[in-house]
Number of protein chains: 2
Amino acid sequence: MSNAKALPEAGGQGVAPCCPPLAERPMTAEEAETAARMFKALGDPVRLRLFSAVASHEGGEACVCDISDVGVSQPTVSHHLKKLKEAGLLTSERRGTWVYYRVEPSVLAAMGRLLALPSAV
Amino acid sequence: MSNAKALPEAGGQGVAPCCPPLAERPMTAEEAETAARMFKALGDPVRLRLFSAVASHEGGEACVCDISDVGVSQPTVSHHLKKLKEAGLLTSERRGTWVYYRVEPSVLAAMGRLLALPSAV
DNA sequence: CTACTGGTTCGACGTGTGTCAACATAGACG
DNA sequence: CGTCTATGTTGACACACGTCGAACCAGTAG
């Protein structure tokens, strides 16, 4: 599992609309499994704080040293960041001594679209 | 735990904006714990399908008998519906023999707002 | 080269979670 | 009343998950 296959085409520029809005039609088992992976990635308080820290950081990226005071040990921080990366929510890049994490806006947008309720029910 | 205390004021009409957008500022531990509860509730494929089935059903409500063909036993369906209810995403109402579940739009909207990225990054 | 700092991986432990079979409850029907 | 259908609850099990300490890699600086 050297390559994260969590999201379909996270590297593409096509925004990857994994699924239709939740309320449009009952999700299929496949769609649900794909979407649940993203929600589960944000279903942990520590991961949510890490993700928020990266997302709210200047330039949309942050090095681990800047966000690792969330109350858990550094190995745990690394573990959670890896999970977020596998879910396609973050990307990492090594620059010299430090590793910088950055949010993946398209995936976030896809999740937001999933939660959108139709104005006319 | 006879009463669900997962969400602050799920019964109120004030929409309960649990947290600011993820990218606005680093979430506090409390905010993260509250928000993670909602995401975790949707972090399971079966729950996601159940929720989608209710949300997409006519009138925004559905009885259990209509959505229980998701590949798991009925006790499991009931278990997941309870979890969704505890998370504040669904409400249930008994009408005669059947129990109807309904989505909680305000909570869904709050989650969508959480994922919103500022237009200017 | 060695020493040091920043991050990741490994191995292990305790807890949480999804699942089912069996039983219990609520209402309808006769 | 008893019985039947529709849901919820209980208990038990296997598996996944979060967490840590220790060991390990990547770069930098002397």
Side-chain angles (χ1 to χ4, degrees), chain A residues 1-4 6 27 29 32-33 35-51 53-54 57 61-87 89-102, chain B residues 1-4 6 27 29 32-33 35-51 53-54 57 61-87 89-102:
Chain A
M1 67 181 86
S2 56
N3 203 344
M27 298 182 86
E33 205 132 342
R37 229 167 307 180
M38 303 188 293
F39 283 114
K40 188 189 285 186
L42 293 181
D44 181 271
V46 175
R47 276 199 294 268
L48 210 43
R49 284 183 73 187
L50 288 171
F51 187 79
V54 172
H57 207 262
E61 71 172 15
C63 100
V64 180
C65 57
D66 263 335
I67 59 177
S68 42
D69 57 345
V70 287
V72 295
S73 68
Q74 217 173 31
T76 303
V77 169
S78 192
H79 170 71
H80 283 308
L81 287 174
K82 185 182 176 183
K83 280 284 185 75
L84 286 168
K85 199 166 70 171
E86 284 174 359
L89 290 164
L90 290 180
T91 58
S92 70
E93 180 196 356
R94 167 158 236 137
R95 273 209 298 276
T97 307
W98 295 277
V99 176
Y100 290 84
Y101 281 82
R102 177 188 298 267
Chain B
M1 63 182 87
S2 56
N3 203 343
M27 297 181 87
E33 205 131 343
R37 233 166 306 184
M38 303 188 291
F39 283 113
K40 189 189 286 185
L42 293 181
D44 181 272
V46 174
R47 276 199 294 268
L48 210 43
R49 285 183 73 187
L50 289 171
F51 186 79
V54 173
H57 208 263
E61 73 172 13
C63 99
V64 181
C65 57
D66 263 336
I67 60 177
S68 44
D69 56 345
V70 287
V72 294
S73 69
Q74 237 176 22
T76 304
V77 169
S78 190
H79 170 71
H80 284 307
L81 287 173
K82 184 182 176 185
K83 280 285 185 74
L84 286 168
K85 199 166 71 170
E86 284 175 0
L89 291 163
L90 290 181
T91 59
S92 70
E93 179 196 356
R94 167 159 237 140
R95 273 210 297 278
T97 308
W98 295 275
V99 176
Y100 290 84
Y101 281 82
R102 176 189 298 267

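Sequence lines set the chain letters: A, B, ... in the order given, protein chains first and strands last, and positions in each chain run from 1. Atoms considered below: every heavy atom in the structure, side chains included; atoms not considered: hydrogens, waters and symmetry mates.
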Short side-chain N/O contact from [X] to OP1 or OP2 of [N], under 4.0 Å:
{"X": "A:Arg94", "N": "C:dG6", "result": "no"}
{"X": "B:Thr97", "N": "C:dG27", "result": "no"}
{"X": "B:Lys40", "N": "C:dT17", "result": "yes"}

Minimum heavy-atom distance between A:His57 and A:Ala62, given as atom pair plus value: CG-CB, 3.6 Å
With heavy atoms under 4.0 Å as the rule, sort [X] into base, sugar-phosphate or nothing.
{"X": "A:Arg47", "answer": "sugar-phosphate"}
{"X": "B:Tyr100", "answer": "nothing"}
{"X": "A:Val77", "answer": "nothing"}
{"X": "B:His79", "answer": "base"}

In this structure, how many angstroms lie between the [atom2] atom of [N] and the [atom1] atom of [X], rounded?
{"X": "B:Trp98", "N": "C:dC29", "atom1": "CH2", "atom2": "P", "value": "8 Å"}
{"X": "B:Gln74", "N": "C:dC23", "atom1": "CD", "atom2": "C1'", "value": "15 Å"}
{"X": "A:Lys83", "N": "C:dT8", "atom1": "NZ", "atom2": "C1'", "value": "15 Å"}

Any chance you could measure [X], atom [atom1], to [Y], atom [atom2], to the nearest 0.5 Å?
{"X": "B:Leu89", "Y": "B:Arg102", "atom1": "CG", "atom2": "CZ", "result": "15.0 Å"}
{"X": "A:Thr91", "Y": "A:Glu61", "atom1": "OG1", "atom2": "CD", "result": "8.5 Å"}
{"X": "B:Arg47", "Y": "B:Lys82", "atom1": "CZ", "atom2": "NZ", "result": "12.5 Å"}
{"X": "A:Met38", "Y": "B:Leu48", "atom1": "CE", "atom2": "CG", "result": "8.5 Å"}
{"X": "A:Ser78", "Y": "A:Leu50", "atom1": "OG", "atom2": "CG", "result": "10.0 Å"}
{"X": "A:Gln74", "Y": "A:Asp69", "atom1": "CD", "atom2": "CG", "result": "11.0 Å"}

First and last nucleotide of DNA chain D in contact with chain B, 5' to 3', at under 4.0 Å to a heavy atom: what are they? D:dA6 to D:dT9
Of all the choices, C:dT8, C:dC20, C:dT19, which nucleotide is nearest to the side chain of B:Asp44 once you look at every atom? C:dT19
With a 4.5 Å heavy-atom cut-off, do B:Leu42 and B:Leu84 have their side chains touching? yes
For DNA chain D, what residues of residues 65-72 of chain B have any heavy atom nearer than 4.0 Å? B:Cys65
B:Val99 and B:Leu81: side chain to side chain contact (heavy atoms under 4.5 Å, CB included), yes or no, with the steps? CA-CA 11 Å; B:Val99 176; B:Leu81 287 173; over 6 Å; no
Reading DNA chain D from 5' onward, which residue's closest nucleotide shows up sooner: B:Pro75 or A:His80? B:Pro75
